[in-house]
Amino acid sequence: MVLAMMRFTLPRDIYYGRGALEHLKELKGKKAILVLGGGSMKRFGFVDKVLAYLKEAGIETQLFENVEPDPSVETVMKGAEAMRAFEPDWIIAMGGGSPIDAAKAMWVFYEYPETSFEAIIQPFSFPTLRTKAKFLAIPSTSGTATEVTAFSVITDYAKGIKYPLADFNITPDVAIVDPELAETMPAKLTAHTGMDALTHAIEAYVSTLNSPFTDPLALKAIHMVFDYLPASFGGDMAAREQMHYAQCLAGMAFSNALLGIVHSMAHKTGAAFSTGHIPHGCANAIYLPYVIKYNAKCAEARYADIARSIGIEGTDAECVKALCDKIDEYNVKLNIPKTLKEFGIVEEEFKEKVAKIAELAVGDACTGSNPRPITPAEMEKLLTCCYYGTEVDF
Ligand code: FE
């Protein structure tokens, strides 16, 4: 496991810039399957563009449409079946995180039909891919960075469990990071995905698996999010473009350094309450300052590095405090609540469920690389601080 992590893997090529989608004209291959989500890419005309470019490249293309948000094991198996029937040498996934995540998992079952979903749940245990197809990802949102990561989240609805699949085999071969696609994001999604990207970069920087390879990517991403997210949220498309690149840099960092307990908490609270789903990036944004205060006992100097890289001055402790204040200030600008209570989670339900959620969060795949260990009892206290907005002083 440790040896497997001492590896730095990225896509072979990242094409970026307005109109980068045109790279598809030069793609070499025979057949491509284009995996899509609910239809926004079609409505905005990007599917027609992709089809025209691939035609110009002499590539025969088949569509696999309607991958749902939080894609299911069933959708993955259906997609793999479609791939086995069509036999593409390129898998092209375009859209938000969901179609790209789903296509990554389809890829495994396309190449290894006899494999079971259970067999690939164990992180970094995938069979060797690229025996039948290569993978190209085109993101339309600026947050998950799944176009450059070794991760895919698939939901088993029968069991009610979200499985984070992880293996460098599913790091795409090519990413096309074209900001024109991200221009279609509504403001709220821009805020949430932007804070998700900030969380990726900060958690990667303080992760126990941080490295000289991931640090510069994380710091640059953090700098860019602070510079561009408010304007991008406000509809400034030049800032939106920079955010599209910043989230990609953050993805390159966390794909190799992994994450921490902000993500553990977001994963396990996202669908836990009857009052409705807490969007992933929104949950991260709420938890991030509380977690920094908790982790600072073990990672103060690393957080101070982050603060100094964005121009904050002072002792390590002053820097950490100012960094948290700055995140609070951005959350206010982005209309993100400061507490779970303010988000609308009912107090009685929170109290009833917090112990179980704390236990699940400690067991999340992201907890292992958090800089400070945490027990279920401490996690319960931390979540309680996030509910009421009380000071983290343990
Ligand atoms: Fe995330």
Side-chain angles (χ1 to χ4, degrees), residues 69-71 95-102 104-105 123 137 139-155 162-166 170-172 175 177 182 185 188-207 209-210 214 217-218 221-222 224-225 229 232 243-272 277-292 295 306 327 330-331 334 336 343 360-361 364-371 386:
D70 300 318
S98 300
I100 301 176
D101 278 9
K104 284 174 169 177
S140 67
T141 60
S142 302
T144 69
T146 183
E147 73 275 11
V148 292
T149 73
F151 308 119
S152 157
V153 182
I154 303 300
T155 305
K162 270 192 175 187
Y163 289 105
L165 307 178
I170 55 168
T171 301
V177 185
M185 285 193 299
K188 200 170 182 175
L189 185 64
T190 304
H192 292 168
T193 52
M195 289 307 284
D196 186 28
L198 179 67
T199 307
H200 293 155
I202 292 180
E203 294 214 279
Y205 192 79
V206 302
S207 160
L209 292 164
N210 74 70
T214 53
L217 293 163
I222 292 163
M224 289 175 79
V225 173
L229 182 53
S232 173
M243 276 303 302
H244 208 41
Y245 305 153
Q247 65 86 31
C248 186
L249 297 179
M252 295 185 223
F254 91 83
S255 184
N256 292 283
L258 307 190
L259 296 164
I261 59 171
V262 180
H263 271 77
S264 305
M265 292 156 70
H267 290 153
K268 300 310 192 242
T269 51
H277 192 78
I278 313 171
H280 174 71
C282 180
N284 282 333
I286 295 173
Y287 304 147
L288 183 58
Y290 299 94
V291 169
I292 292 176
N295 282 346
I306 292 172
I327 294 164
Y330 272 61
N331 281 343
L334 301 169
I336 290 169
F343 180 84
L360 291 171
D364 188 89
C366 293
T367 304
S369 45
N370 193 66
C386 297

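All heavy atoms count here, side chains included; hydrogens, waters and symmetry mates do not. Each ligand, and each atom within it, is numbered from 1 in the order the structure gives.
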Between [X] and [Y], does any side-chain donor sit less than 3.5 Å from a side-chain acceptor?
X    : Y    : value
T193 : S142 : no
T269 : Y287 : yes
H192 : D196 : no
H267 : H280 : no

> Taking just the N, O or S atoms of H200, which one is nearest to the Fe ion (ligand 1)?
Replying inline: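 It is NE2 of H200.
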> Relative to the Fe ion (ligand 1), which of the N, O or S atoms in H263 is the closest?
Replying inline: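 Answer by atom name: NE2.
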> In degrees, rounded to 10 degrees, what angle do D196 atom OD1 and H280 atom NE2 make at the Fe ion (ligand 1)?
Replying inline: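 If I round to 10°, I get 90°.
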